[in-house]
Structures are given as C-alpha cells and as structure tokens.
Amino acid sequence: MHLFDHLLVPVADERDAVATADALTPHLEAVDRITAVHVVQKAGGAVDKAPLVKRQQDGIELLAAVERALWDEDVVVRTRIAYGRNVAATIVDAALETDATAIAFRSRGGNRLVRWLSGDTAVRLVSNPDIPVVSLGTSDGSTTGAAPNNRARGDEVRG
C-alpha cells in the first residue's frame, strides 16, 4: 500500500473543487483513486445555514465539478456527501470509512480573523490526524492528458 493509492479530497465549493483538482493534476501519476467529499455541516439542533436539500444539491454540483476537472485523467474518481457538525472530524471519518490512504487538501487561505472565526478546518485536519494528510500547493498548469478512465458516481455517508 502506498501513500497515494486512495486519496480523500475534501472540497468546500465549486471554485475550491476546480482549484483542488488543478492542484492534484501534477501528482496523479502516483494516485490510483480519489474520493472527493463535500461536508454538509449540521448545526446540531440550531437552525442550519440553508435548507438541507439545497445544500445537498450544491454538494452534488460541486462534486461534479471535480469529476469534470479530472475527466481526462487516468484516475478513478468517486464522490461522497458527508454530514457532520465538525467539518474536520467528518472529513477524517469519511477517509477512514472509505479506506483512504491519505487526505489531500488545498488550503483556501484567509486571514487570521477569518480562520479564527471559521475554526480553521485546515489546522484541525493536520493536528494529530488519524491518517496522513497532504497539503496541496498551487498547480503549475501542467496536465498529463491521459485517456479517460472508468468512473463511478458517488454515494453518501452520514456522520
């Protein structure tokens, strides 16, 4: 088993999905499979940010953006929508449930105030992880241009 056999790749929105796929592209020769996951954050008894159906549909659309971005690459791409109160913990749970060998993510940046207010999921992901975590840099724009591959559409996990 290699570190990049199966990467779990969390994506937050469509722009993040495309940028993350772009950052992954130069490294795909070492990757066999990718599970892209979008976490629908639950409020835990409080009012959710938006109706669940809307957030699920948004998740399906942004995960489709990952599939489109990696369509021409020689890697199997699966998608998942996960649900949980703690985004970082839900990402780790999804990685363990899918037998991912590592989590690969692209930091979305933000200033200290934004990170403090949002709880900085990136810091929580890399602090004492249960699975290796890889931080992706920005892509240099190169692609492998490999032939299309076999793909499977996603499923859901509740956490």
Side-chain angles (χ1 to χ4, degrees), residues 4-42 48-110 114-115 118-122 124-126 131 133-159:
F4 300 124
D5 285 348
H6 177 194
L7 295 179
L8 183 102
V9 179
V11 290
D13 55 37
E14 188 163 340
R15 193 168 122 196
D16 181 44
V18 172
T20 299
D22 190 43
L24 271 171
T25 300
H27 310 287
L28 291 178
E29 286 184 17
V31 178
D32 291 335
R33 185 167 48 134
I34 293 171
T35 299
V37 64
H38 173 68
V39 175
V40 174
Q41 189 172 18
K42 301 294 293 174
D48 287 327
K49 295 176 183 174
L52 180 60
V53 172
K54 168 72 173 134
R55 294 188 303 155
Q56 288 172 323
Q57 185 59 40
D58 290 347
I60 290 168
E61 290 174 15
L62 73 93
L63 291 169
V66 174
E67 291 179 309
R68 284 191 303 273
L70 297 174
W71 183 255
D72 290 334
E73 304 298 332
D74 190 21
V75 64
V76 174
V77 178
R78 294 182 185 262
T79 60
R80 284 180 92 111
I81 295 177
Y83 304 86
R85 293 178 62 191
N86 180 318
V87 174
T90 304
I91 290 169
V92 171
D93 288 346
L96 296 173
E97 290 170 10
T98 60
D99 295 322
T101 53
I103 297 169
F105 78 102
R106 190 186 65 81
S107 177
R108 292 188 307 277
V114 170
R115 284 186 282 193
S118 68
D120 199 1
T121 301
R124 284 187 269 163
L125 266 180
V126 298
I131 184 170
V133 177
V134 178
S135 177
L136 299 168
T138 57
S139 172
D140 63 359
S142 65
T143 60
T144 60
N149 60 2
N150 297 329
R151 299 185 184 275
R153 290 277 320 177
D155 49 0
E156 292 187 6
V157 60
R158 297 189 184 264

Looking at residues at least two apart in the chain, or sitting in another chain, which of them share a side chain to side chain donor-acceptor pair (under 3.5 Å) with Asp5? none
What I'd like to find out is whether the side chain of Phe4 reaches to under 4.5 Å of the side chain of Glu29, using heavy atoms alone. no
Sorted by chain and number, sequence neighbours left out, side chain to side chain donor-acceptor pair (under 3.5 Å) with Glu14 holds for none
What one should report as the nearest heavy-atom pair of Ala23 and Pro26 is O-CD, 3.4 Å
I need the minimum non-hydrogen distance between Ile103 and Pro10, along with the two atoms involved. CG2-CD, 4.0 Å
To the nearest 0.5 Å, what is the distance between OG1 on Thr98 and CZ on Arg78? 10.0 Å
For Ala102 and Val134, work out which heavy atoms get closest and say how close. CB-CG2, 4.4 Å
Reported CZ-to-CG distance for the pair Arg106 and Leu24, which is rounded to 0.5 angstrom: 10.5 Å
Who pairs with Glu61 by side chain to side chain contact (heavy atoms under 4.5 Å, CB included), at least two apart in sequence or on another chain? Gln57
Is there a side-chain contact between Leu8 and Ile131 (heavy atoms, below 4.5 Å)? no
Looking only at heavy atoms, which two atoms of Leu62 and Ala12 are closest? And how far apart? CD2-O, 3.7 Å
Candidate list Val87, Thr90, Asn86, test side chain to side chain contact (heavy atoms under 4.5 Å, CB included), partner Gln41, passing option: Val87
Excluding sequence neighbours, so at least two apart, what forms salt bridge (Lys or Arg N to Asp or Glu O under 4.0 Å) with Asp58? Lys54
Interatomic distance, Asp74 atom CG to Leu28 atom CG [nearest 0.5 angstrom]: 9.0 Å
Beyond-backbone contact of Thr20 with Val66, side-chain heavy atoms, under 4.5 angstrom: no
Would you say Phe105 and Ile91 make side-chain contact, with heavy atoms under 4.5 Å? no
Only distances under 3.5 Å count here; give the side-chain donor-acceptor pairs of residues 31-39 to other protein atoms, sequence neighbours excluded, each with its distance to 0.1 Å.
from: Arg33; atom 1: NH2; to: His6; atom 2: ND1; distance (Å): 3.1
from: Thr35; atom 1: OG1; to: His6; atom 2: NE2; distance (Å): 2.6
from: His38; atom 1: ND1; to: Val11; atom 2: O; distance (Å): 3.0

